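Please read these numbers as outputs of a predicted model, since none were measured by experiment.
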Amino acid sequence: MNNDILKTLYSKEDIQTACKRLGKEISTFYKGKTPIVIGVLKGSMFFMADLVRYADIYMELDFMDVSSYHGGLSSSGEVKLVTDITKDVSGRDILIVEDIVDTGRTLKFLMDTLKDRGAKSIEVCSLLDKPSGRVVEASSKFVGFEVPNEFVVGYGLDYDEKYRNLPYIGVLKPEIYSTK
Ligand code: IMP
């Protein structure tokens with residue numbers, strides 16, 4: 001699997017440093033509150049696990065699964081709710097944890113959905129942000145790294161459901177796409 005990677009963008013250590021910083025920022029922001037932290041599956045699984053353990057506040061954890069990709073490089077444009085959260089969000093402070101914000105469609109869908117359900121506040125923590133990919137307006141309050149317009153894999157992020165278990169974030173060799 002490692003042989004398919006052209007270059008590493010963020011090492012294990014880079015990612016942990018970012019998680020630590022974000023965990024502190026979140027602890028300061030939510031001091032005295034108990035937010036519901038919602039991880040967006042499956043891409044945010046490792047980030048969510050690391051991030052919340054660097055936060056020193058009370059919080060409740062939940063997960064949502066949405067789909068907008070067909071296992072390839074580009075978004076289909078349509079976002080669907082695959083698995084819903086189990087908690088009532090009305091009157092609650094919500095922190096959405098995302099792996100990456102690209103077109104912004106997933107985030108907009110989630111924010112609209114949670115707003116409709118009466119959430120008191122909704123903020124976003126995204127490990128990666130790809131502002132050049134933005135199609136709809138959506139922004140994260142807490143961002144790990146701003147990435148260039150490249151397709152990245154690892155630490156939860158996939159290409160065709162693979163590479164999620166890479167412990168770092170990297171860019172695939174072009175031949176991996178072309179031989180698909
Ligand atoms: P958006 O709706 O276009 O903002 O895309 C959000 C979702 O698309 C993310 O949660 C990822 O699952 C996926 N995605 C976007 N860019 C990449 C990438 O570079 N690598 C892997 N997945 C990506």
What pairs with Tyr54 under ring pair (Phe, Tyr, Trp, His ring centres under 6.0 Å), at least two apart in sequence or on another chain?
-> none
What do the steps show when you test Ser126 against Phe47 for side chain to side chain contact (heavy atoms under 4.5 Å, CB included), and what is the final call?
-> CA-CA 9 Å; Ser126 180; Phe47 178 44; 5.8 Å; no
Check side chain to side chain contact (heavy atoms under 4.5 Å, CB included) between Thr17 and all other residues, then give those that pass, not counting sequence neighbours.
-> none
Smallest heavy-atom separation, Ser132 atom then Asn149 atom, equals OG-CB, 3.3 Å
Side chain to side chain contact (heavy atoms under 4.5 Å, CB included) evaluation trace for Asp129 with Ile100 = CA-CA 5 Å; Asp129 189 12; Ile100 184 166; over 6 Å; no
Ile38 and Ile36: side chain to side chain contact (heavy atoms under 4.5 Å, CB included), yes or no, with the steps?
-> CA-CA 6 Å; Ile38 302 177; Ile36 300 179; 4.0 Å; yes
Near Asp56 CG, under 6.0 Å, is it more than 12 heavy atoms from other residues, nucleotides or ligands?
-> no
Nearest heavy atoms of Leu61 and Met48, plus distance in Å = CD2-CE, 4.0 Å
Sequence neighbours left out, what passes salt bridge (charged side-chain N to carboxylate O under 4.0 Å, His left out) with Lys33? Give chain and number order.
-> none
Minimal heavy-atom distance between Leu172 and Ile176, with the atoms involved, is CD1-CG2, 4.1 Å
Hits for side chain to side chain contact (heavy atoms under 4.5 Å, CB included) against Asp88, two or more places apart or cross-chain, chain-then-number order -> Ser90
Results of salt bridge (charged side-chain N to carboxylate O under 4.0 Å, His left out) for Lys80 - residues two or more places apart only = none
Do you reckon Val97 sits in the same ILVMFWY cluster as Met111, going by side-chain contacts under 4.5 Å, direct or chained?
-> no
How would you list all residue pairs meeting ring-ring contact (aromatic ring centres under 6.0 Å, His included) that involve residues 114-136, not counting sequence neighbours?
-> none
With hydrophobic residues grouped by side-chain heavy-atom distances under 4.5 Å, do Leu107 and Phe109 end up in a single group?
-> yes
Side chain to side chain contact (heavy atoms under 4.5 Å, CB included) against Ser11, all qualifying residues, sequence neighbours excluded | Glu13, Asp14
Flag yes if Val124 and Ile26 sit in one hydrophobic cluster, no otherwise; membership is Ile, Leu, Val, Met, Phe, Trp, Tyr, and two members link when side-chain heavy atoms are under 4.5 Å apart.
-> no
Ile5 and Lys173 have their tightest heavy-atom pair at O-CE, 3.8 Å
Should Leu157 and Leu166 be counted in the same cluster of Ile, Leu, Val, Met, Phe, Trp and Tyr side chains packed under 4.5 Å apart?
-> no
Counting distance only, does the side-chain N/O of Asp62 pair as donor-acceptor with the main-chain N or O of Val37 below 3.5 Å?
-> no
Flag, side chain of Ser121 to backbone of Asp93, donor-acceptor distance under 3.5 Å | no
Any residue meeting salt bridge (charged side-chain N to carboxylate O under 4.0 Å, His left out) with Glu60, in chain and number order, not counting sequence neighbours = Lys87, Arg92
Side chain to side chain contact (heavy atoms under 4.5 Å, CB included) filter on Arg53, not counting sequence neighbours, yields Ala49, Asp50
Between the main-chain N or O of Asp102 and the side-chain N or O of Arg134, is there a donor-acceptor pair closer than 3.5 Å?
-> yes
Please report the shortest heavy-atom distance between Gly43 and Asp99, naming the atom on each side.
-> CA-OD2, 3.3 Å
Under the salt bridge (charged side-chain N to carboxylate O under 4.0 Å, His left out) test, residues paired with Asp84 that sit two or more places apart | Arg117
Residues two or more places apart in sequence or in another chain: which of them pass side-chain hydrogen bond (donor to acceptor under 3.5 Å, both in side chains) with Tyr163?
-> Asp4
How about Val79 and Ser67: do any of their side-chain heavy atoms sit closer than 4.5 Å?
-> no
Please set out all donor-acceptor pairs under 3.5 angstrom arising from side-chain atoms of residues 135-148, sequence neighbours excluded.
none

Take atom CE in Met45; do more than 12 heavy atoms of anything else shown fall under 6.0 Å from it?
-> no
Is the backbone N or O of Gly156 less than 3.5 Å from a side-chain atom of Lys42, with the two atoms forming a donor-acceptor pair by type?
-> no
In short, Gly23 meets Leu51 closest at the heavy-atom pair N-CD1, 3.7 Å
Do Tyr155 and Tyr10 belong to the same hydrophobic cluster, where Ile, Leu, Val, Met, Phe, Trp and Tyr are linked whenever their side-chain heavy atoms lie under 4.5 Å apart, directly or via other members?
-> yes
